[in-house]
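See structure below.
All values below come from the heavy atoms of this structure, side chains included, with hydrogens, waters and symmetry mates left out.
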Amino acid sequence: MTDVVSQAPITSLMGNYGQPPITVVRGQGVYLYDSEGRSYLDFTAGIAVCNLGHADPDVTRAIQDQAETLVHCSNLYGHPLREKLAARLAECSGLDQVFFCNSGAEANEAAIKLARRSAWQRGFREKNVIVSLPGGFHGRTLGALSVTPKPVYHEGYTPLVPACRTAADLAGVLDTIQPDTAACIVEVIQGEGGLRVLPVDLLQAIQDRCRETGALLIVDEVQTGVGRTGTFFAFEQIGLKPDIVTMAKGLANGVPVGAVLARRSVAEAFTPGSHGSTFGGNPLAMAAANAVLDRVLEPSFLDHVNEVGAYLESRLKERFEEVSGRGLMWGFTVSDAKKFAQSALSAGVLVTAVGPNRIRLVPPLILGRRHVDEFMERIATITE
């Protein structure tokens, strides 16, 4: 008979994240500090979340002021910070209206619903297929998972949401978009897919195919948005004009927030009561996000991202193969990514493995050239 007591977990947390290698207790700028007092150069930024680094004074002040004023009131009532942020995001994107939620997965879930309901509202009741790309990642909720073609993530969760298609390879994507397609969801750079920068001509051809079939183009900017690639949105660099954009991660520097942006004719499908989020757009998150935009939209901010990003790229190419990315979002190839990440941790650097042999770097956007040099120095002894 199994000894139930001996099999009990050593923590009250569920085991889906595994056993963490360190316990982080504070952060400052581009550094994190563990419970033993050791510092780490953070090239993960909470997985592309803390774009302004840790304990940013402007964001901290905005959170403190808002916490003393109003944290939550629900979407039954208006709030000026929500209106302000929506207007700013609409202007940045060239789109018209915004729905706020709490994460990237929620944003993509809402985008799928919006695309299907938009077709339904226009009388195309059988136009409900959502097409995604091989190597894409859009989240862990059931709908987002259904357009994330990674079999290991699907284990134990099938059947997934029906009418979701993924081409076998990139060459087959255009043929997968058919008259029954409600939308195609793409990433300009596939972060979880190994930092794969998708070909510009392919993305533009996908947009043309969507226009031809009446499908909507959804651009997932959850990881690439808010200046990560050197422009506020990655799609700006390649001439795309999406119908829907999803974002989260870096928008509030660690306070949970997500957003769906859409053209007015598409956004109209979300009529009163058709979708919602209890915490979406709460005043605390809106205050933090507006503080982030105050900084990221400063004229010199993105110039800095591009300048330091180019320097990081040049330093990476001195040592690594298959260096790819834009701005301050880079990947490179090693023989064993998991082993490399563990060795980097021992050297006081935080990186993530995104595949058997790919390493992802998404440091805070306030990174300086001296931090790039420190990164290269700290990992100099790691064998690949």
Side-chain angles (χ1 to χ4, degrees), residues 46 49-52 56-115 117-118 139 141 144 218-223 225-228 232-233 242-298 301:
V49 167
C50 299
N51 283 5
L52 300 184
D56 176 79
D58 294 333
V59 176
T60 299
R61 190 175 305 109
I63 292 170
Q64 288 174 333
D65 291 346
Q66 192 57 47
E68 293 175 349
T69 306
L70 180 67
V71 172
H72 182 73
C73 65
S74 95
N75 291 303
L76 296 174
Y77 314 107
H79 190 274
L81 289 178
R82 188 172 62 215
E83 291 287 345
K84 177 181 179 180
L85 183 62
R88 298 174 85 178
L89 293 177
E91 182 178 2
C92 288
S93 65
L95 297 169
D96 301 304
Q97 294 186 306
V98 181
F99 165 79
F100 290 114
C101 50
N102 309 288
S103 69
E106 286 185 43
N108 286 327
E109 195 86 15
I112 291 169
K113 292 180 66 177
L114 180 60
R117 186 170 172 83
S118 178
T141 55
I218 304 172
V219 178
D220 179 341
E221 292 268 2
V222 170
Q223 193 163 153
V226 200
R228 172 59 55 185
F232 192 83
F233 292 109
D243 302 292
I244 301 173
V245 170
T246 58
M247 56 190 310
K249 287 191 180 291
L251 184 53
N253 213 57
V255 176
V257 64
V260 181
L261 292 56
R263 289 191 292 108
R264 190 177 308 277
S265 60
V266 176
E268 288 173 349
F270 270 179
T271 53
S274 61
H275 190 58
S277 171
T278 296
F279 294 106
N282 73 81
L284 191 71
M286 299 297 94
N290 274 300
V292 169
L293 261 62
D294 288 344
R295 290 275 296 287
V296 175
L297 297 179
E298 289 176 354
F301 188 89

Search all heavy atoms of Ala105 against all heavy atoms of Gly139 and return the closest pair with its distance. CB-CA, 3.9 Å
Could you list the residues that satisfy side-chain hydrogen bond (donor to acceptor under 3.5 Å, both in side chains) with Asp96, not counting sequence neighbours? none
So Val98 and Ser93, do their side chains get closer than 4.5 Å, heavy atoms only? no
With sequence neighbours excluded, residues passing side-chain hydrogen bond (donor to acceptor under 3.5 Å, both in side chains) with Arg263: Asp243, Ser265
Give a yes or no on whether the backbone of Ser274 and the side-chain of Thr271 come within a donor-acceptor separation of less than 3.5 Å. no
For the residue pair Leu81 and Gln66, establish whether any side-chain heavy-atom pair is separated by less than 4.5 Å. yes
Hey, mind stepping through Val292 and Val59 against side-chain contact (heavy atoms from CB on, under 4.5 Å) and telling me if it holds? CA-CA 7 Å; Val292 169; Val59 176; 4.0 Å; yes
Tell me, yes or no, whether the heavy-atom count around Phe279 atom CZ, taken from other residues, nucleotides or ligands under 6.0 Å, exceeds 12. no
By salt bridge (charged side-chain N to carboxylate O under 4.0 Å, His left out) - contacts of Arg295 (at least two apart): Asp56, Asp58
Under the side chain to side chain contact (heavy atoms under 4.5 Å, CB included) test, which residues partner Ser74, sequence neighbours left out? His72, Leu76, Tyr77
When you look at Leu70 and His79, which way does the side-chain contact (heavy atoms from CB on, under 4.5 Å) test go after all the steps? CA-CA 10 Å; Leu70 180 67; His79 190 274; 3.8 Å; yes
For Asn51, all residues meeting side-chain hydrogen bond (donor to acceptor under 3.5 Å, both in side chains), sequence neighbours excluded: Arg228
Heavy-atom pair of closest approach, residues Ala285 and Ala252: O-CB, 4.1 Å
Sequence neighbours excluded, the answer for side chain to side chain contact (heavy atoms under 4.5 Å, CB included) partners of Glu109 is Thr141, Ala144
Hits for ring pair (Phe, Tyr, Trp, His ring centres under 6.0 Å) against Phe100, two or more places apart or cross-chain, chain-then-number order -> none
With sequence neighbours excluded, residues passing ring pair (Phe, Tyr, Trp, His ring centres under 6.0 Å) with His275: Phe99, Phe270
I'd like to know whether Leu293 forms a side-chain contact (heavy atoms from CB on, under 4.5 Å) with Leu89, so could you lay out the CA-CA distance, the side-chain angles of the two residues, the decisive distance to 0.1 Å, and finally the verdict. CA-CA 9 Å; Leu293 261 62; Leu89 293 177; 4.0 Å; yes
Closest approach of Ala111 and Ile218, non-hydrogen atoms and distance? O-CD1, 4.0 Å
Residue pairs, two or more places apart or on separate chains, that pass salt bridge (charged side-chain N to carboxylate O under 4.0 Å, His left out) and touch residues 68-87: none
Going by side-chain hydrogen bond (donor to acceptor under 3.5 Å, both in side chains), name the residues that satisfy it together with Thr278, two or more places apart in sequence or in a different chain. none
Side chain of Asn75, backbone of Gly280: donor and acceptor closer than 3.5 Å? yes
CG on Asp220 to CD1 on Ile244, rounded to 0.5 Å: 12.0 Å
Which pair of heavy atoms, one from Gly281 and one from Met286, lies closest together, and at what distance? O-CG, 3.3 Å
Taken in chain and number order and not counting sequence neighbours, the residues that satisfy side chain to side chain contact (heavy atoms under 4.5 Å, CB included) with Ala269 are Leu114, Arg117, Ser118, Gln121
Atom CG of Leu284 and atom CD of Gln64: how far apart are they, to the nearest 0.5 Å? 11.0 Å
Nearest heavy-atom pair of Lys249 and Val49: which atoms, and what distance? O-CG1, 3.6 Å
Go through the steps for Phe232 and Met247 under the test side-chain contact (heavy atoms from CB on, under 4.5 Å), then give the verdict. CA-CA 11 Å; Phe232 192 83; Met247 56 190 310; 4.1 Å; yes
Nearest heavy-atom neighbours spanning Leu95 and Val245: CD1-CG2, 3.7 Å
The reported gap from OG1 in Thr246 to CG in Asn108 (rounded to nearest 0.5 angstrom) is 4.0 Å
So, using side chain to side chain contact (heavy atoms under 4.5 Å, CB included) as the criterion, who are the partners of Ala248 when residues are at least two apart? Val222
